[in-house]
Each structure stands twice: as structure tokens, then as C-alpha cells.
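Here is the structure we will look at, set down as C-alpha cells.
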There are 2 protein chains.
Amino acid sequence: MSRLKHPKQFPAADHDHKTCITHALQEAEAYCKQQGLRLTELRRRVLELIWANHQPVGAYDLLEQLTREGRKAAPPTIYRSLDFLMQSGLIHRITSLNAYVGCNHPGLDHAAQFFICEYCGQAAEMDDAQIVSAIAKDAKRLGFTVEKRTIEVAGICAHCRHHSET
Amino acid sequence: MSRLKHPKQFPAADHDHKTCITHALQEAEAYCKQQGLRLTELRRRVLELIWANHQPVGAYDLLEQLTREGRKAAPPTIYRSLDFLMQSGLIHRITSLNAYVGCNHPGLDHAAQFFICEYCGQAAEMDDAQIVSAIAKDAKRLGFTVEKRTIEVAGICAHCRHHSET
DNA sequence: CGGATATTGTTATAATATAACGTAACATTA
DNA sequence: TAATGTTACGTTATATTATAACAATATCCG
């Protein structure tokens with residue numbers, strides 16, 4: 001069903017936040033080193049903040065967080081870092097939210113689909129081959145060459161639904 | 001494959017633009033009448049402009065077109081009309097473009113997927129049950145309740161690809 | 001008509017993103 | 001290590017998309 005070994009689920013309420021961030025940063029460092037990409041202080045910090053937020057986060061939110069840390073930052077600062085991180089495959093942009101979220105498996109070429117909870121704001125990244133192939137089939141029929149897929153499903157995650165059932 | 005009787009294709013270069021607009025407007029009028037929705041002068045004109053552009057068009061583009069016609073219009077004017085038209089199912093919003101496009105089958109409850117050509121800017125609306133069911137399957141596995149799907153595929157349409165092959 | 005509701009006008013501003021240009025850091029190689 | 005080219009970052013200004021808040025007008029219905 002999924003081409004990924006460890007498709008992200010909605011994280012459990014008690015999952016280890018810190019380990020999760022640390023792990024993502026370590027992977028990113030290793031990946032950039034291997035690829036000759038320059039994960040500078042700033043870029044690293046932006047990536048870390050994205051993971052620390054642990055859900056899709058807006059550019060101006062990140063900007064404010066950087067500013068609060070005493071770093072001089074204007075919009076271009078953050079957008080350039082976001083561009084780098086996206087091009088490097090370390091984060092994804094969620095179009096329907098204008099927000100950015102860490103990628104669970106940098107380096108792996110993958111189509112990403114997001115399931116976004118409207119209550120808690122968390123997003124689960126999937127890579128469903130069936131969706132991809134259904135799109136490919138339509139594209140073929142249209143004679144359309146696919147460049148980029150934007151697949152974002154909004155709704156309510158299991159956790160929030162159970163808690164809202166009064 | 002498609003649940004629609006007449007899934008939109010990329011319109012042929014020689015298709016009859018005027019008839020196409022007229023038809024959409026007539027359908028909209030009939031639909032609104034039947035549903036008791038008020039397709040006012042303004043809303044009708046906005047819908048007409050969207051169809052006349054015949055590809056996804058931005059709110060501020062529409063605004064400018066209205067202004068050029070001598071109508072006093074500020075952003076809220078256009079956004080309110082767009083909201084009405086979306087809620088009535090007469091147009092769709094294409095998130096990845098921040099643009100609006102006419103719906104081919106108002107009234108029909110349907111999931112829409114868009115194939116958007118990066119060259120000519122045209123968008124083809126599809127309603128592929130396979131995509132929808134693949135998403136439903138993932139959602140079920142996650143315990144996720146789907147509210148809204150955003151499925152937009154960017155690429156190059158057949159027509160533009162042929163013309164770019166020098 | 002007259003009151004309620006829906007629509008539109010108007011002004012201001014929020015939220016997201018980029019252009020343009022200058023400066024600093026870094027990397028390479030003579 | 002100094003010269004040079006390249007990449008990243010700082011800074012200012014502005015573009016683009018969208019909404020808040022409130023006033024004025026049009027429409028509906030008893």
C-alpha cells in the first residue's frame with residue numbers, strides 16, 4: 001500500500017518529541033554532507049524550528065521565532081531558507097495551509113500526500129502508490145506530462161474525532 | 001474511469017468559446033433558480049468573466065476587469081462573489097494557483113481533480129473515482145475523516161508538449 | 001408600507017511572498 | 001595569503017492575495 005517503510009502516522013500524544021527532532025536533524029546533516037549541500041547555521045535552525053513545531057508552520061511564524069531568539073531576520077531570510085530546504089527535500093510545503101512541514105524521509109524520491117487534521121493541525125505524510133498510479137493513468141489518457149502533484153486531504157484525525165464525540 | 005458524463009478535456013484550440021460561456025451561464029441560471037440561490041447581476045458577471053478567461057484566473061485580475069467595465073469594485077466585492085460561486089458549486093478554487101475556474105457540472109456533488117498546464121495555463125477538471133477511493137482507503141487506515149480533498153497536478157498538456165518539441 | 005435580511009460599497013489592514021541590491025562569508029587556486 | 005569568484009545573508013521596499021469592520025442599499029415577505 002505504501003512505498004515507504006515507515007509512513008508517518010499522526011504522532012501519538014505521548015511520542016518522544018525531542019528524540020524525534022534530534023533524529024530528523026541528524027538525518028538532514030548526514031544527507032546534506034553526502035550530497036554536498038550546505039546546511040548552514042541558519043538553515044539548520046529553521047529546519048529545527050519546523051520540526052520543533054511538529055506540525056505545518058507558517059513562514060511568518062518561523063520568522064517571529066527567529067526574531068525572538070535575537071537573530072535579525074526579514075522575510076527573505078526565512079523564505080530563502082525554506083526554498084533551500086524544499087529543494088533539498090528536507091521539508092514540504094503544504095499549499096492549502098501556506099505552511100511548511102518536515103519531510104520524514106529526505107533523499108528518497110517520493111510523491112507526498114498529506115492528511116491534515118483541522119482540529120489539532122497535525123499533518124500525516126503518506127506515499128500511496130495507488131494514488132500516484134491513478135493520477136498517472138488520467139495523465140496518460142489526457143496526454144499530460146506530470147511535473148508536480150499537490151495532494152492534500154483535510155479532515156479530522158482519529159484522535160481528535162474520538163475526543164470530540166461528547 | 002470517470003464518474004462524469006462529460007469530463008472536461010483541455011479544450012481544442014478551435015473550440016467555440018462563446019457557446020461555451022453561454023452554456024455555462026445558462027446552466028448556472030437554471031441551477032440557481034432551481035435551488036433558490038440569488039445569482040445577482042454582480043455574481044453573474046463575475047461568473048461570466050471567469051468563463052470568458054477560460055482558464056484559472058486570479059481575484060485581482062477579475063477585479064481589474066470589473067473596474068475596467070466601470071463598476072466600482074474593491075477586493076471584498078470580488079471575494080464575496082467568489083465565495084458565493086464556490087459555495088454554490090459554480091466555480092472551483094485552485095489552491096496551488098490562488099485562482100478560480102468555472103465548474104463544468106454545477107449541482108453534481110463531486111470531487112474535483114485538476115490537471116494544470118504550466119505552459120498555456122489551462123486546467124482540465126476530472127473526477128476520477130480511483131483517486132477518491134485510494135484516498136478513502138488511506139483515510140480509513142488512519143482513522144481519518146475526510147472533509148475536503150485538494151488534488152492538483154501541474155505539468156504540460158499534450159498540445160503544448162507537441163508544440164515545444166522543436 | 002415597513003421591518004428583516006441579504007447584498008454591496010468603502011476604508012483599512014492582515015497575511016503571504018518576492019524584487020532588487022548591497023554586504024559578508026566561504027572556497028579555490030595562484 | 002591575497003585575489004577572485006561564488007554562495008549565502010542582510011536590508012529596504014513592495015507585490016500579491018485575502019479579510020475585518022462597518023455603512024449604505026437593495027430585496028424579500030408579512
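Quick caveat: nothing in here was measured; it's all calculated off a predicted structure. Below, chains carry the letters A, B, ... as their sequence lines are ordered, and counting in each starts from 1.
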Could you state the atom-to-atom distance from [atom1] of [X] to [atom2] of [N] in whole Å?
X	N	atom1	atom2	value
A/Ile94	C/dT16	CD1	P	14 Å
A/Ile78	D/dA8	CD1	P	16 Å
B/Leu42	C/dA6	CG	C1'	13 Å
B/Met86	D/dT19	CE	C1'	13 Å
B/Leu39	C/dT8	CG	C1'	15 Å
B/Leu82	C/dT7	CG	C1'	15 Å
A/Glu64	C/dA14	CD	P	14 Å
B/Phe84	C/dT8	CZ	C1'	14 Å

What's the closest nucleotide to the [X] side chain, out of [options]?
X	options	value
A/Arg80	D/dC9, C/dT11, C/dA17	D/dC9
A/Pro75	C/dT7, C/dT18, D/dT19	C/dT18
A/Ala74	D/dC28, D/dT11, C/dT10	D/dT11
A/Tyr79	D/dC9, C/dT16, D/dT11	C/dT16
A/Arg93	D/dG10, C/dT11, C/dT16	C/dT16

* B/Glu64 bridged to B/Arg68 by N-O distance under 4.0 Å ->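 Counted as a salt bridge, because a side-chain N and a carboxylate O are separated by less than 4.0 Å.
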* Asked: Less than 4.0 Å between a side-chain N and a carboxylate O, is that true for B/Arg45 and B/Glu69?
  ->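 Looking at B/Arg45 together with B/Glu69, the answer is yes, because their closest N to O distance falls below 4.0 Å.
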* Tell me whether the OP1 or OP2 atom of D/dC9 has a side-chain N or O from A/Thr77 closer than 4.0 Å. =>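 Result: no.
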* To do: Examine C/dA15: is either OP1 or OP2 under 4.0 Å from a nitrogen or oxygen in the side chain of A/Asn98? Give yes or no.
  =>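 No, outside the criterion.
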* ILVMFWY network linking A/Ile156 to A/Phe10, side-chain heavy atoms under 4.5 angstrom ->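 Cluster IDs for A/Ile156 and A/Phe10 differ.
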* hydrophobic_cluster_shared for A/Ile116 and A/Tyr119, side chain cutoff 4.5 Å ->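 Different clusters.
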* Closest-nucleotide ordering on DNA chain C, the 5'-leading residue of B/Tyr60 and B/Pro76 ->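 Per heavy-atom nearest nucleotide, the more 5' residue is B/Pro76.
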* To do: Name the nucleic acid region contacted by B/Arg43, choosing base, sugar-phosphate or nothing; use a 4.0 angstrom heavy-atom cut-off, strictly under.
  =>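 Counting heavy atoms under 4.0 Å across all strands, the contact made by B/Arg43 is with sugar-phosphate only.
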* Asked: Base, sugar-phosphate, or nothing for B/Thr40, non-hydrogen atoms under 4.0 angstrom?
  ->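 Contact class for B/Thr40: sugar-phosphate only.
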* To do: Evaluate the ring planes of B/Trp51 and B/His54, with Trp represented by its six-membered ring, and classify them as parallel (under 30°), tilted (30 to 60°) or perpendicular (over 60°).
  =>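 If you compare the ring of B/Trp51 with that of B/His54, the planes turn out perpendicular.
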